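Note sheet for the following structure.
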Amino acid sequence: MNKTASSRKTLRWLTLCSILIGLILIGLFYGLEMQHIHTQASVALKNKIFDNENEKGELLPALYYVYTGQRNDKDMLFAVETAMIDDYQANQNSIAYNSIRRFQYKNEEVYYMPLSAGIAGEKISAENGTLLLYADVSFSVNLVRRTTWILLLALVGLSAALILMERKSAFALERRDAEMKAFFANASHELKTPLMAICGYADGIRQGIVEPHEGLDVIAKETNRMSILIGNILELSKVDSGAIVPKITENDIREIVYDAVGVILPSARQRGIELSLDLPDPIMCFCDEGMIFSVVSNLLTNSLRYAQGRISIEAGRGTNGQGVWINVLNDGPSISKEDADHIFDRFFKGRKGQSGIGMSLANEYVALHHGKISVSPVEGGTLSQVALPNSNE
């Protein structure tokens, strides 16, 4: 069983256990409350016939009495009292005097006690029949039942939410597992390519097939490529695990752009690509300098890959001086809509068969700053845009 399946099983068991615990707690609440009502009614009835004082000062149910001889006097009796007399008369052979019996009629509930003598020792005439002393607990019982139903409905709603969350979490785990598998598969493939080139040229030099200076240039280039890829993979794994947090300080965006331009300048000159910068007065922004440098570097590297003669870099402050923006425009063929929609996907392979995670990492860094990044086709080229809020505002 893989980790995803194990996590799904754990989530399912946690959900079922939560629902079961909820049912048990509601059952305990109902049982204890009904037992408490029974106890209070019993205490009230016994205190009355034995003339005991309520020493604990408990809130006991009110007591009433009725004679069985009043059965036919419907104008004097409530429906529950008539039904109670009928219950006693139907079962009087099994109901001892001074014993307590629970009786329910429709939505009303009482505890009654047939007395062998009148209250406080008074005598009962034969024509009146048996005296039934009772405690009406209908209000308390119905309140407990309503509360129990409300709790059950709440549990049903909570259970539905838990099941939905469990399914969403399971789906997210499966998707995450698939993404991780694809990530490692792609990473292995990407690392294999420069390794094969390094091994191939090393063998060529050893066998005298390849000139040393030619082979060493390729080995150095592929080693650098592999080093950058490994660095990006490590950074992306830190972002995924939440182990990396932006170190926010006040920085001049112009200086970050100048540093990033300096990295690609030799390659741009070698290819004859002109770099045009339009940076006004200081553009101060609260951000992580290293992350934003990586973002700009990746945008410039990506632009250099497709530029035919010119890359324009602009930066400035947003409307009313809020936030900053950075634009990188290259004059190469406009990016297709399909490529633009997936350019931030990890190891996405677009036109010219280039792939990697540099743009994915740039996207993650911008997201950590609560900013926005986009790449879109424009007339005469492709425009990359970054918008950053100023965290000090």
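It should be emphasised that the depicted structure is a prediction, and the values quoted were computed from it without experimental measurement.
A heavy-atom distance below 4.5 Å is found between the side chains of Arg145 and Glu109. No side-chain heavy atom of Val110 sits less than 4.5 Å from a side-chain heavy atom of Tyr64. You'll find the side chain of Thr382 stays beyond 4.5 Å of the side chain of Leu329, heavy atoms only. A 4.5 Å side-chain heavy-atom check between Arg101 and Met113 finds every atom pair outside the cut-off. In this structure, the side chains of Leu299 and Met359 come closer than 4.5 Å at one or more pairs of heavy atoms. Using a 4.5 Å cut-off on side-chain heavy atoms (C-beta onward), Asp341 and Lys337 make contact. Looking at Ile219 and Ile205, their side chains come closer than 4.5 Å, going by heavy atoms from C-beta outward. Contact annotation: the side chain of Leu45 never approaches that of Lys48 to less than 4.5 Å [non-hydrogen atoms, C-beta and beyond].
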Can you give the donor-acceptor pairs under 3.5 Å from side chains of residues 245-253 to other protein atoms, not counting sequence neighbours?
unit_1: Thr249; atom_1: OG1; unit_2: Asn251; atom_2: ND2; d: 3.0
unit_1: Asn251; atom_1: ND2; unit_2: Thr249; atom_2: O; d: 2.9
unit_1: Asn251; atom_1: ND2; unit_2: Cys287; atom_2: O; d: 3.1
unit_1: Asp252; atom_1: OD1; unit_2: Arg254; atom_2: N; d: 3.1
unit_1: Asp252; atom_1: OD1; unit_2: Ile283; atom_2: N; d: 3.1
unit_1: Asp252; atom_1: OD2; unit_2: Arg254; atom_2: NE; d: 3.2
unit_1: Asp252; atom_1: OD2; unit_2: Arg254; atom_2: NH2; d: 3.1

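Separation of atoms CG (Asn107) and CD (Gln104) is listed at 8.0 Å; rounding is to 0.5 Å. For the atom pair Leu162 CG and Ser18 OG, the distance stands at 5.5 Å (nearest 0.5 Å). To the nearest 0.5 Å, the span separating CG on Leu361 from OG on Ser294 amounts to 4.5 Å.
Formation of a donor-acceptor pair under 3.5 Å by the Thr68 side chain with backbone atoms of Ile85 is not found in this model. Side-chain atoms of Thr301 come within 3.5 Å of backbone atoms of Ser297 as a donor-acceptor pair (strictly under, hydrogens ignored). When atom types are taken as modelled, the side chain of Ser140 and the backbone of Val137 share no donor-acceptor pair closer than 3.5 angstrom. In this structure a side-chain-to-backbone donor-acceptor pair under 3.5 Å is missing from Asn363 to Phe344. In this structure a side-chain-to-backbone donor-acceptor pair under 3.5 Å is present from Arg317 to Met284. Checked by atom type and distance alone, the side chain of Asp288 pairs as donor or acceptor with a backbone atom of Met291 at under 3.5 Å. Not one N or O on the side chain of Asn327 forms a donor-acceptor pair closer than 3.5 Å with the backbone of Glu314. Side-chain N or O atoms of Asp339 include none that pairs as donor or acceptor with a backbone N or O of Ile335 at under 3.5 Å.
Summarising the hydrophobic clusters (Ile, Leu, Val, Met, Phe, Trp, Tyr; side-chain heavy atoms under 4.5 Å, direct or chained), the residues clustered with Ile21 are Leu25.
Taking the six-membered ring where the residue is Trp, Tyr67 and Tyr65 present perpendicular rings, their angle passing 60° and hence far from 30°.
Residue Met34 comes nearest to Val144 through the heavy atom pair SD-CG1, 4.2 Å, listed as atom of the first residue, atom of the second, then distance. The shortest heavy-atom contact between Pro61 and Ala41 is CG-CA, 3.9 Å. In plain terms, the two heavy atoms of Val296 and Ile326 that are nearest each other are CG2-CD1, 4.0 Å. Minimum heavy-atom separation, Ser303 to Val328: OG-CG1, 3.3 Å. In plain terms, the two heavy atoms of Ala44 and Leu63 that are nearest each other are O-CD1, 3.2 Å. Scanning all heavy atoms of the two residues, the minimum distance from Gly371 to Pro389 falls at CA-CD, 3.8 Å.
Residue-environment remark: OH (Tyr201) stays at or below the threshold of 12 foreign heavy atoms within 6.0 Å. Residue-environment remark: CZ (Phe78) stays at or below the threshold of 12 foreign heavy atoms within 6.0 Å. With a 6.0 Å radius and a threshold of 12 heavy atoms from other residues, nucleotides or ligands, Phe139 has its CZ atom at or below the threshold.
No donor-acceptor contact under 3.5 angstrom links the side chains of Arg71 and Thr82, judged on distance only. If you check the side chains of Tyr111 and Asp136, you find no donor sitting under 3.5 Å from an acceptor.
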- Task: Apply side chain to side chain donor-acceptor pair (under 3.5 Å) to the pair Tyr134 and Glu81, showing each step before the final yes or no.
- Result: CA-CA 9 Å; Tyr134 72 92; Glu81 292 176 326; 2.4 Å; yes
